[in-house]
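All values derive from a computational prediction rather than experimental measurement. Note on naming: letters A, B, ... go to the chains in the order of the sequence lines (proteins, then strands), and numbering restarts at 1 for each one.
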There are 2 protein chains.
Amino acid sequence: MAKLAGVSSRTVSNVVNGYANVTERTRARVQQAVDQLGYRPNVLARNLASGRSGQIAVVVPYLDTPYFSELLQGIIRAARVQGYNVLIDQTDGDPEHERMLINHGSSRLLFDGVIFSPLGLSQEALADRDPDLPLVILGERVSDGRFDHVGIDDVTASRQATEHLLDLGRTRLAAIGDQPYATGECAQLRTRGFREAHERRGLPVHEDLIVHTPRFTRPDGAQAMAHLLDRDDPPDAVFCYSDLVALGAIHTLIARGLRVPEDVAVIGYDDIEDGRYSNPSVTTISPDKEMIATTAVERLLLRIGSTTPPPGLEVRAPHRLIVRESTAGSRASVSAQHG
Amino acid sequence: MAKLAGVSSRTVSNVVNGYANVTERTRARVQQAVDQLGYRPNVLARNLASGRSGQIAVVVPYLDTPYFSELLQGIIRAARVQGYNVLIDQTDGDPEHERMLINHGSSRLLFDGVIFSPLGLSQEALADRDPDLPLVILGERVSDGRFDHVGIDDVTASRQATEHLLDLGRTRLAAIGDQPYATGECAQLRTRGFREAHERRGLPVHEDLIVHTPRFTRPDGAQAMAHLLDRDDPPDAVFCYSDLVALGAIHTLIARGLRVPEDVAVIGYDDIEDGRYSNPSVTTISPDKEMIATTAVERLLLRIGSTTPPPGLEVRAPHRLIVRESTAGSRASVSAQHG
DNA sequence: TTGAAAGCGCTAACAC
DNA sequence: GTGTTAGCGCTTTCAA
């Protein structure tokens, strides 16, 4: 024991953990011993004794989705600053896997809390989860008071995206990405924003131009767009529920010899890097990822630290509309509005 | 203790861990007790006692690089099958951070081994690392016998990419991504392949068309391409050291009103999804990511499991050339050659 | 303010 | 094959 090299046990713990009640002299003495012996506390032992693992889990549906990997970066950074490690888990949107993770998951104890971006998980599954597991939800789901929720205002953002398309003078707006079933809450909020924009202008929604997709990937976008173009009366603007979908849609448009945005304007969602360098670059809704990440970590650690769980907080992160070539053409400039 | 509900301690451990020497009857009895009490072994305690954490770390320079996030998926999957959790760490290519992780890193004990994709780390730093840490290196660096190395044959792949460009009848080939300094080994191997292709055909290398970039990102590609186009005698084909670079380069080309591939053919490297849906889609070198991931995990676990470290293995993963629109135009089809 | 000692819940060497 | 027992290296009451 390192403590032999000066004083004794309990004090070392105090010093290493930076507790208050230690004489300056003692602290110095211990510190010196620590340095000299190159002592490093054993994380495992500490974890066992304290009952905490010093790790948080981040659960996302798909790791190779740029939106998530960009978000993850911020989370990892924020967690590390607080001395926490991040465990990453991918669910592939599998409801069973998601449920397992927030229930009496086998790996409970491996992490002290979870930042969770659910996809397939229903409200009910969320409800009967392990009540002792500190939890922060990302995305669209609204807090039931027992966890925190961080996300942008999807409805407003979607409305603004749609209004941008209408402002361009387009009249036949399509929407790609609706998911009119239990696990598609996120998509449904965006559809609601799409509708609201029309309502505010007193314009009719072209119901048949709302296309469903199983996911928000490039292939989904490409296929949906092809579907739309096969119609008698194709759209002149498309609101895509992710930048990936937009990228896929644009791919199809160009492959069919159409011009973006002259023939069809396209707007995406997420502001991933791909959309900044694509041809054309993609107009998009840009959520403040940095703030989402920071807030999520902050809230989770607060939750982990408290014995009496704080009330569930509803955090609205800001977003902006970023106009690029896919709606503005080559003269694209940036306009911003905070949500 | 769950053991009260039947027999006793040590046996439980045996059963739970699936060891051999247990009577069928005993096993059943224990199993029943386990089920009944809803017993779950405490991972932390197990880790402390066994000295192993059941976690492996994967260290990559940048998490939001599609190549890495695609690779990570495979690694996570493979590790999970073996009952291992994956801890992800991002170094931002910071040599100091990288060195720390493979030395007496503070978080040693948190993971049993590391799969490492180094960037800034010099050969020397690698040499004086913690010799007890099981290590598998991804990418270009060749094994010194004390760790395993998994990667494709960069020189051959790069030569094939270049030959593909020459086969198109192009004569002024540029290369974007060289890094002629200590930490740019990966880039240098690709440059070597680029040269070899010219040599084999008895063609001169246009030295002034080899452009250096600090990283392999879209902005790097975009900028380098702009630089090339500002020359008196621009290239008619470009070998980009990553798909992201290619995407950036194409962005610039199109912005300048040039046609890809008619005016300039572009080939990338990595086969990320972005390149399959971009306009034009990107011809590329496709490494077998699945195999790289599986092999890396397999070798690492083997290393973790052995008391006497196995000799460092050099694993060559296969790759293929995938021809798409950025070199073949809209009639792009797929040709494959294994490396 | 600091020492002593009792675990945290498991694994593994050692006997039976 | 299975029970006994001694730690793994820390945190944390409890005294002093």
To the nearest Å, how far apart are B:Y39 OH and C:dG9 P?
-> 10 Å

State whether the side chain of B:R146 and the backbone N or O of B:G312 hold a donor-acceptor pair below 3.5 Å, judged by distance alone.
-> no

Atom CG in B:N42, atom CG in B:L48: separation rounded to 0.5 Å?
-> 10.0 Å

Atom CZ of A:R52 and atom C1' of C:dC8: how far apart are they, to the nearest Å?
-> 14 Å

Atom of B:I152, atom of B:R316 and distance for their closest heavy-atom approach = O-NH2, 3.4 Å

Please state whether the phosphate of C:dA12, meaning OP1 or OP2, lies under 4.0 angstrom from any side-chain nitrogen or oxygen of B:S13.
-> no

Rounded distance in Å - CZ (B:R29) to C1' (D:dG1) = 12 Å

C:dT11, D:dT2, D:dC10: which one has an atom nearest the side-chain heavy atoms of B:S50?
-> C:dT11

C:dC10, D:dT2, C:dG9: which one has an atom nearest the side-chain heavy atoms of B:L48?
-> C:dG9

Looking only at side-chain N and O atoms, does A:T23 come under 4.0 Å of OP1 or OP2 in C:dT2?
-> yes

Flag side-chain contact, heavy atom, 4.5 Å: A:Q55 against A:N47 | no

When rounded to whole Å, the CG to P distance for the pair B:L44 and D:dG9 reads 15 Å

Specify the separation, in whole Å, of atom CG of A:N14 and atom C1' of D:dT12.
-> 10 Å

Presence of A:R46 side-chain N/O under 4.0 Å of D:dG9 phosphate oxygens OP1/OP2 | no

Contact nearer the 5' end of DNA chain D, comparing B:A45 with B:T26 = B:T26

note: B:N47, atom CG; D:dC10, atom P; distance rounded to Å ~ 15 Å

Whole angstrom is fine here: how far is it from CG in B:N42 over to C1' in D:dC8?
-> 13 Å

